[in-house]
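Inspection log for the structure reproduced underneath, given as C-alpha cells.
Source: prediction; values computed, not measured. Side chains included, hydrogens not; waters and symmetry mates left out as well; all remaining heavy atoms used.
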Amino acid sequence: MEILFVLLAISVAAQASFEPPVPASLSDEKIRQTRMVNANIASTGQFPYFATILSKVTNLCGGSIIGKRWILTAAHCVDAETSYEILVGSADLNRGTKFITQEKYIHPEYDWLYLQNDIALLHLSSDIEYTDNVKPISLPNIGETNSFEGYNSIDMGFGKTSDSSGLSENLRYAEVKVISNSECIPIFGPRTVVDSTLCAKGLAGQSICKSDSGGPLVYNNIQIGVNSFVHFYGCSTGKPFGTVRITSVRQWIQNITGI
C-alpha cells in the first residue's frame, strides 16, 4: 500500500509524549529499510482467502475473504474512495479474478490519527465463486477471550521487498510471533496500542511493509488480526508491527455481515 502508516517510538522511561502515525507516502525519506526480511514465496492456493485491494489513491492493500460478498481489510486502505477492485484466487499479482465493491463499512471507532480500530468491511457487487484457490478464512468465535500471546502465526502480502524495488509480483508470507500489548506499548505508545490492538514480531526480523496493510494475520487457519502499522523508522528495524485484534471487533463484523 502506498499509505502504510508508521509510528515514532519514544521511550516510556523518559516519559516523553508519543508522536502520532505518519503516512509512509509522506515520509519515505524516513523509511530506509522497507523490506519483508526472509519472507517465503507462496504458491497458488496456499492462502486461498487472501484478497488484494486495488485503488487509485492507496495503490494496493491486502485483505481477506470472509464471505461470498465480504472482504475484510484495514480502514486506512479504503477511507479515500467509494469503490475498489478486489483481486482473488492467485499468488501472482498479474493473475486472478477481479470483483468490484458495492459498499464499504468502516469501524465507527476508527481513529485515523492513532490507528485505533483500523478495520473495514467491503461488500462486493457479485458473489465470489469458491474453488480450491478461493475460499473464506475462518474468524474467532464471538466471545473468544484468547489473547493469542506467544502464538506463532503467519502474515502475508504483496508488499515491497527492498528499498529500490516496486511491489512484489508474488504473494509472500512469513512466520511471526504474537506479543503482549504490555511489550508493545513502550514502542508505540498507549494511544495507539489499545485493547483492540494485537502486536506481532517476526521470528527472524520479518515484518509487514508498504502494501501489506489490510492483510490477514493467521493462526491455525483462523484470522486473528488485520495488518495496520509498522515502526516509524522502517520495516526491517526488528521492531513489532501492529494489527487490529479480531476478537475485539468480532461482534461488529457479525452485525454488518451476518458472519
request  = Step through the shown structure and confirm whether more than 12 heavy atoms of other residues, nucleotides or ligands are within 6.0 Å of CG on Asp195.
outcome  =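 No, CG of Asp195 has 12 or fewer neighbouring heavy atoms, counting only those of other groups under 6.0 Å.
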query = Does atom CG of Asn255 have more than 12 heavy-atom neighbours, drawn from other residues, nucleotides or ligands, at distances under 6.0 Å?
reply =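 Yes, enclosed.
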Which atom pair, heavy atoms only, marks the closest approach of [X] to [Y]?
X      : Y      : value
Pro216 : Gly63  : CD-O, 3.7 Å
Tyr173 : Ile41  : CE2-O, 3.7 Å
Phe50  : Gly62  : CZ-CA, 3.9 Å
Thr73  : Gly214 : OG1-CA, 3.5 Å
Leu217 : Ser153 : CD1-CB, 3.8 Å
Ala200 : Val176 : CB-CG2, 4.0 Å

query = Which residue, Val244, Val193, Thr197, Val194, forms the side-chain contact (heavy atoms from CB on, under 4.5 Å) with Gln116?
reply =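 With Gln116 as partner, Val244, Val193, Thr197, Val194 yield a single side-chain contact (heavy atoms from CB on, under 4.5 Å), made by Val194.
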request  = Only one of Leu122, Ile100, Ile128 passes side-chain contact (heavy atoms from CB on, under 4.5 Å) with Ile86; say which it is.
outcome  =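 Running side-chain contact (heavy atoms from CB on, under 4.5 Å) over Leu122, Ile100, Ile128 with Ile86 returns exactly one hit, Leu122.
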task = Can you sort out the partners of Asn221 under side-chain contact (heavy atoms from CB on, under 4.5 Å), two or more places apart, ordered by chain and number?
result =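 So Asn221 forms no side-chain contact (heavy atoms from CB on, under 4.5 Å) with any residue.
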Do side-chain atoms of [X] reach the backbone of [Y] as a donor and acceptor pair under 3.5 angstrom?
X      : Y      : result
Tyr130 : Lys68  : yes
Asp118 : Ala75  : yes
Arg250 : Leu139 : no
Tyr219 : Phe148 : no
Lys239 : Phe188 : no
Lys104 : Val78  : yes

Beyond-backbone contact of [X] with [Y], side-chain heavy atoms, under 4.5 angstrom:
X      : Y      : answer
Leu93  : Leu60  : yes
Ile71  : Tyr84  : no
Pro108 : Trp252 : yes
Ile253 : Ile142 : no
Leu121 : Ile66  : yes
Glu183 : Pro240 : no
Val218 : Phe47  : no
Asp212 : Phe241 : no

Stepwise side chain to side chain contact (heavy atoms under 4.5 Å, CB included) test for Val178 and Ile224 = CA-CA 10 Å; Val178 176; Ile224 61 174; 4.0 Å; yes
The single option from Thr243, Asn117, Asn181, Thr247 passing side-chain hydrogen bond (donor to acceptor under 3.5 Å, both in side chains) against Ser196 =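 The single option meeting the side-chain hydrogen bond (donor to acceptor under 3.5 Å, both in side chains) with Ser196 is Asn117.
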query = How would you list all residue pairs meeting salt bridge (charged side-chain N to carboxylate O under 4.0 Å, His left out) that involve residues 83-101, not counting sequence neighbours?
reply =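 For residues 83-101, and leaving out neighbouring residues, the salt bridge (charged side-chain N to carboxylate O under 4.0 Å, His left out) pairs sorted by first residue read Glu85-Lys98, Asp92-Arg95.
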query = Restricting to pairs with a member in residues 135-148, which pass side-chain hydrogen bond (donor to acceptor under 3.5 Å, both in side chains), not counting sequence neighbours?
reply =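 Of all non-adjacent pairs touching residues 135-148, those that pass side-chain hydrogen bond (donor to acceptor under 3.5 Å, both in side chains) are Asn146-Tyr151.
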query = Quick one: do the Asn133 and Thr44 side chains pair a donor with an acceptor below 3.5 Å?
reply =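 Their side chains do not contain a donor-acceptor pair, so the 3.5 Å distance test is not met.
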message = Are Ile179 and Ile246 linked, directly or through intermediate hydrophobic residues, by side-chain heavy-atom contacts shorter than 4.5 Å (ILVMFWY only)?
response =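 No, it is not one cluster - the side chains of Ile246 and Ile179 are not joined through contacts under 4.5 Å.
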message = Run His123 and Thr101 through side chain to side chain contact (heavy atoms under 4.5 Å, CB included) and show every step you take.
response = CA-CA 6 Å; His123 190 222; Thr101 60; over 6 Å; no
Would you compute the distance between atom [atom1] of [X] and atom [atom2] of [Y] and round it to the nearest 0.5 angstrom?
X      : Y      : atom1 : atom2 : result
Ile137 : Ile65  : CD1   : CD1   : 10.0 Å
Ile53  : Leu72  : CD1   : CG    : 9.0 Å
Leu198 : Ser180 : CG    : OG    : 10.0 Å
Ile106 : Asp79  : CD1   : CG    : 5.0 Å
Ser125 : Arg69  : OG    : CZ    : 7.0 Å
Ser228 : Leu115 : OG    : CG    : 4.5 Å

request  = May I have the step-by-step check of side chain to side chain contact (heavy atoms under 4.5 Å, CB included) for Asp111 and Thr192, ending in yes or no?
outcome  = CA-CA 9 Å; Asp111 184 333; Thr192 294; over 6 Å; no
task = Assess whether side chain to side chain contact (heavy atoms under 4.5 Å, CB included) is satisfied between Trp70 and Ile256, documenting all intermediate values.
result = CA-CA 10 Å; Trp70 291 103; Ile256 299 295; 3.8 Å; yes
